[in-house]
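Comments concern the structure below.
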Amino acid sequence: MSATPLEALPLHELRERSSTKWRRYPDDVLPLFVAEMDFALAPGITRRLQRAVELGDTGYTPPQPGVREAFVAYAQRRSGWSVDPSHVFWTADVMMGVVEILRRIVDPGDRVVIMPPVYPPFVDTIEEAGAVVERVPLARTEDGWEIDLAGIEAALADGARAVLLCNPHNPTGTVHSRESLAALADIAAAHGAIVVSDEIHAPLTYEPGAFTPFTTASQTAADVGYIVTSASKSYNLAGLKCAVMVAGSDERATLLRDLPDEVEWRTGIFGAMANVEAYAPESDAWLESLLARLDLNRRLLADLLDEHVPGAVYRIPDAGYLAWVDLTALGWGDNPAVRILREAKVALHFGPHFGAEGNGHVRINFACAPEVLREAVERIGALARS
Ligand SMILES: Cc1ncc(COP(=O)(O)O)c(C=O)c1O
């Protein structure tokens, strides 16, 4: 039986929130930009955090906050992935985990491959690790995008040291196939490179799609790979600060074990509590309801764009709540979100921030009420007709 779609909070309550999504722009703007969701938290998370607040349980994160055990059980239950607990570590957020791993596998000036269009902080994060970004854009296929294996092979053969993978991919919503991940691992191994896989959107993979954690794609992938993930995106916990780092093998785990204590110490206590509750079986029903809502919205967006914004090109994502929409045909320039913000009062993410491949594009966050999505697209449609 399919789950009942989750209902979003009403707009007047959302406007009481103090997060970036609701404070960045004035109230006449509909915010569909940053990746925050408009739903109440999973009940188990709310209860745990409420009790912690009542107790003033706001101190330092304990040495064993339960994140490791909760994640291992979750991976087994939800995807049949057997994670060796000794390979699991935690830190404050996904990008911090990525930067700390990269710092230890690159020397200053080494090149790290990204696949634009991609989550913009990948660039800063690589630079923060002292490395240099090498762009190997995702390849277009007839029906979407895929890893440009030949391009990555050339970059690694030419000396690039690591690949920062986004799986599922933000902003295209691509879930990479096991075969392409295994092939990427083979290429990395052949050139002595490491793959760091950001899997923050993985819990939001829609059926019948199958998500493959990178390190499970093959033995070679386990040998060359790290995964960094969190419940923060799929359970809306970004402000609480907790992420999980997983090594593919005993050898890889040494790097994580040897990280300075501070890397773990920066984990927020609310983040740890919330991740433990998110990964608990009691939160599965909430996730199913969320997925039911997001599944409806990703399809609704296709219908709305067809009706109101002819010329918009949108491929329904296979994971996540971010839609990558090509508005080139509207003739609104490289960064159409600027005009949409100014004149339609809808805040979308700027396509060019994801790389030059994002020129003419916008990213739309559809983790909201269907009425909000409809209103946003109608406003854009009205602008297109004006
Ligand atoms: C691919 C990807 N990685 C990382 C993040 C941010 O995660 P964190 O706040 O845990 O660093 C996001 C946020 O949207 C994301 O889309």
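Remember, it's 1-based here, ligands and their atoms both numbered in the order they're listed. This chain uses plain numbering: 1 for the first residue, then up along the sequence. Just so we're clear, the structure is a prediction, and the values are computed from it rather than from any experiment. Worth knowing before you read on, the calculation uses all heavy atoms, side chains too, and leaves out hydrogens, waters and symmetry mates.
- At a 4.0 Å heavy-atom cut-off, ligand 1 does not touch Pro121 at all.
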Exercise. Going through the checks in order, is the side chain to side chain donor-acceptor pair (under 3.5 Å) test met by His87 and Asp250?
Worked result: CA-CA 7 Å; His87 294 174; Asp250 289 344; 2.7 Å; yes

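- Ranking protein heavy atoms by distance to atom 6 (C) of ligand 1, first place goes to Tyr119 OH, 3.2 Å.
- Judged by the shortest distance from any of its heavy atoms, Ser230 lies outside the 4.0 Å radius around the atoms of ligand 1.
- Note on Glu7 versus Arg293: salt bridge recorded, some NZ/NE/NH1/NH2 to OD/OE distance being below 4.0 Å.
- Atoms of ligand 1 lying under 4.0 Å from any heavy atom of His201, numbered from 1 in the order shown and given with element: 1 (C), 15 (C), 16 (O).
- Enclosure of atom CD in Glu207 is not indicated, since only 12 or fewer non-hydrogen atoms of other residues, nucleotides or ligands lie within 6.0 angstrom.
- For atom 7 (O) of ligand 1, the nearest protein heavy atom (residue, atom name, distance) is Ile200 CD1, 3.3 Å.
- Atom 9 (O) of ligand 1 has Asp93 CB, 4.0 Å as its closest protein atom, hydrogens excluded (heavy atom only).
- Those atoms of ligand 1 that come under 4.0 Å of a heavy atom in Ala35, given as number and element, are 14 (O).
- Between Val94 and ligand 1, at least one N/O pair is under 3.5 Å apart.
- Close approach of ligand 1 to Cys166 is summarised as follows: ligand atoms under 4.0 Å from at least one heavy atom of the residue are 1 (C).
- Partner of Arg252 under the side-chain contact (heavy atoms from CB on, under 4.5 Å) criterion, out of Ile194, Thr215, Val246: Ile194 alone.
- No option in Phe366, Phe350, Tyr25 other than Tyr25 meets the ring-ring contact (aromatic ring centres under 6.0 Å, His included) test with Phe33.
- For atom 1 (C) of ligand 1, the nearest protein heavy atom (residue, atom name, distance) is Asp198 OD2, 3.3 Å.
- Distance from atom 14 (O) of ligand 1 to its nearest protein heavy atom, with residue and atom name: Lys233 NZ, 3.1 Å.
- Ligand 1 lies nowhere less than 4.0 angstrom from a heavy atom belonging to Met96.
- With hydrogens and angles left out, the side-chain atoms of Glu199 and Ser197 include a donor and acceptor closer than 3.5 Å.
- Of the N or O atoms in Asn170, one or more lie within a sub-3.5 Å distance of an N or O in ligand 1.
- The pair Arg315-Glu142 does not meet the salt-bridge criterion, since no charged nitrogen lies less than 4.0 angstrom from a carboxylate oxygen.
- The closest protein non-hydrogen atom to atom 11 (O) of ligand 1 is Met95 N, 3.0 Å.
- Using bins of under 30°, 30° to 60° and over 60° for the plane-to-plane angle, the ring pair Tyr279/Tyr74 lands in the tilted bin.
- The aromatic rings of Trp81 and Phe71 sit perpendicular to each other, their planes meeting at more than 60°, with 30° as the lower class boundary.
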